[in-house]
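The model shown is predicted, which means the values in this text are computed figures rather than measured ones.
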Amino acid sequence: MSGQQVTTRPARGWRTAAAILAERDPVLHRLVAEVGPARVRPPAETHLGALARAIVYQQLAGAAAAAIHGRLIAALDGEVTPERLLSLPDGTLRTVGLSGNKTASLRDLAAKVLDGTVVLDPPRLRAESDAEVIARLTAVRGIGTWTAQMFLMFQLRRLDVWPTGDLGVRKGFALAWQIPTPTAKQLEPLGDPYRPYRSVVAWYCWRAAEIFGGTADSALTR
């Protein structure tokens with residue numbers, strides 16, 4: 001893009017955004033040609049369900065996390081609501097395999113949804129900026145900036161999130177654009193030319209890390 005910022009109106013979807021970026025940047029043109037359109041599945045869970053899953057999966061291998069999450073959903077009778085999360089006894093949550101910290105995080109999330117700290121109502125969410133959503137979510141115990149950014153990208157499907165703290169994004173950017181791996185601070189301005197589609201660039205950075213850096217495929221790009 002040679003430093004030229006995208007000035008068109010935001011595209012309606014990831015595929016359209018990828019096509020726009022490919023027309024303007026030779027590196028992204030090559031990546032899109034090699035790996036195809038960004039594959040981002042439609043959300044399969046409620047917003048609360050997605051956040052509960054994110055808490056359960058933290059610092060766990062996929063199979064173990066999936067087993068614990070499945071037992072949690074069963075204990076909730078298949079319905080993830082704040083009221084149901086708060087009604088489960090600590091003993092039940094221990095039985096499904098949740099640590100004390102994750103139990104506390106799930107209870108804090110449920111309580112903050114009920115008191116309005118965390119807004120998950122779709123019309124109200126649409127009115128909030130990315131920064132506002134991140135600020136609300138990171139008020140919850142156990143939810144950090146990265147988790148909030150993934151929620152914005154993959155649950156809300158917002159197109160201009162730039163997760164500079166993600167090592168995969170930084171490594172992929174370095175490999176694709178053939179520069180030394182930037183720090184999070186250094187990566188921040190490097191994304192400016194790609195507004196308002198930085199989420200799409202991040203996805204291709206993950207793919208670049210997988211293709212050129214030998215990183216294992218992740219759930220983010222499947």
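Counting heavy-atom neighbours within 6.0 Å of Arg141 CZ, excluding the residue itself, gives a total above 12. Heavy atoms of other residues, nucleotides or ligands lying less than 6.0 angstrom from CD of Gln178 number 12 at most.
Between Ala75 and Val96 the shortest heavy-atom distance is CB-CG1, 4.3 Å. When all heavy atoms of Arg39 and Trp203 are compared, the closest pair comes out as N-CZ2, 3.3 Å. Residues Leu60 and Ala65 come closest through the heavy atom pair CB-CB, 3.9 Å. In this structure, Gly172 and Ala208 approach most closely via the heavy-atom pair O-CB, 3.6 Å. Contact detail for Arg71 and Gly97: the closest heavy-atom pair is NH2-CA, 4.3 Å. Counting all heavy atoms, side chain and backbone alike, Ser105 lies closest to Val140 at O-CG1, 4.0 Å.
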Could you walk me through whether His47 and Leu156 satisfy the side chain to side chain contact (heavy atoms under 4.5 Å, CB included) test, starting with their C-alpha distance in whole Å, then the side-chain angles of each, then the deciding distance to 0.1 Å, before giving a yes or no? CA-CA 8 Å; His47 294 336; Leu156 302 187; 3.5 Å; yes
Stepwise, does the side chain to side chain contact (heavy atoms under 4.5 Å, CB included) test hold for Phe154 with Val161? CA-CA 10 Å; Phe154 295 105; Val161 181; over 6 Å; no
Residue pair Val118, Leu137: steps toward the side chain to side chain contact (heavy atoms under 4.5 Å, CB included) verdict: CA-CA 6 Å; Val118 171; Leu137 289 179; 3.8 Å; yes
Dump the intermediate steps for side chain to side chain contact (heavy atoms under 4.5 Å, CB included) on Phe173 and Gln186, then the final yes or no. CA-CA 11 Å; Phe173 195 98; Gln186 291 167 339; over 6 Å; no
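Using a 4.5 Å cut-off on side-chain heavy atoms (C-beta onward), Arg53 and Leu72 make no contact. Looking only at side-chain heavy atoms (C-beta outward), Arg24 and Pro193 stay at 4.5 Å or farther from each other. Within the 4.5 Å cutoff, no side-chain heavy atoms of Arg207 are placed close to those of Leu31. Side chains of Phe151 and Pro43 form no contact here, defined as non-hydrogen atoms less than 4.5 Å apart. Looking at Thr183 and Lys185, their side chains come closer than 4.5 Å, going by heavy atoms from C-beta outward. Looking at heavy atoms from C-beta onward, Val80 lies out of side-chain contact with Arg84 at the 4.5 angstrom threshold. The shortest distance between side-chain heavy atoms of Val169 and Val201 does not fall below 4.5 Å.
There is no path of hydrophobic side-chain contacts, each under 4.5 Å, that joins Leu114 to Leu88. Under a hydrophobic-cluster definition in which Ile, Leu, Val, Met, Phe, Trp and Tyr are linked whenever side-chain heavy atoms come within less than 4.5 Å, directly or via other members, Leu167 and Trp162 are assigned to different clusters. Both Tyr194 and Ile179 are assigned to one and the same hydrophobic cluster, defined by single-linkage of ILVMFWY side chains at heavy-atom distances under 4.5 Å.
For Arg198 (side chain) and Asp192 (main-chain N/O), no donor-acceptor pair under 3.5 Å exists by modelled atom type. Of the possible polar contacts, one joining the Tyr204 side chain to the Ala38 backbone as a donor-acceptor pair under 3.5 Å is found. The main-chain N or O of Leu93 is never found under 3.5 Å from a side-chain atom of Lys102 such that the two would form a donor-acceptor pair. For Gln58 (side chain) and Gly142 (main-chain N/O), a donor-acceptor pair under 3.5 Å exists by modelled atom type. Looking at Arg170, its side chain does come within 3.5 Å of a backbone N or O of Pro182 through a donor-acceptor pair. The backbone N or O of Val27 lies less than 3.5 Å from a partner atom in the side chain of Asp25, making a donor-acceptor pair. Of the possible polar contacts, one joining the Ser199 side chain to the Arg158 backbone as a donor-acceptor pair under 3.5 Å is found.
Within the model, atoms CG of Asp108 and OG1 of Thr103 stand 12.5 Å from one another, a figure rounded to the nearest 0.5 Å. Expressed to the nearest 0.5 Å, how far CG of Leu85 lies from CZ of Arg107 amounts to 8.0 Å. Put simply, CH2 on Trp177 and CG on Leu28 are 4.0 Å apart, with the number rounded to the nearest 0.5 Å. To the nearest 0.5 Å, the span separating NZ on Lys112 from CD1 on Ile143 amounts to 9.5 Å. Here the straight-line distance linking atom CG of Asp166 with atom OG1 of Thr145 works out to 12.5 Å at 0.5 Å rounding. With rounding to the nearest 0.5 angstrom, the OG1 atom of Thr147 is 8.0 Å from the CD1 atom of Ile55.
No donor-acceptor contact under 3.5 angstrom links the side chains of Asn101 and Ser99, judged on distance only.
Relative orientation of the His69 and Tyr57 rings is perpendicular, given thresholds of 30° and 60° on the angle between their planes.
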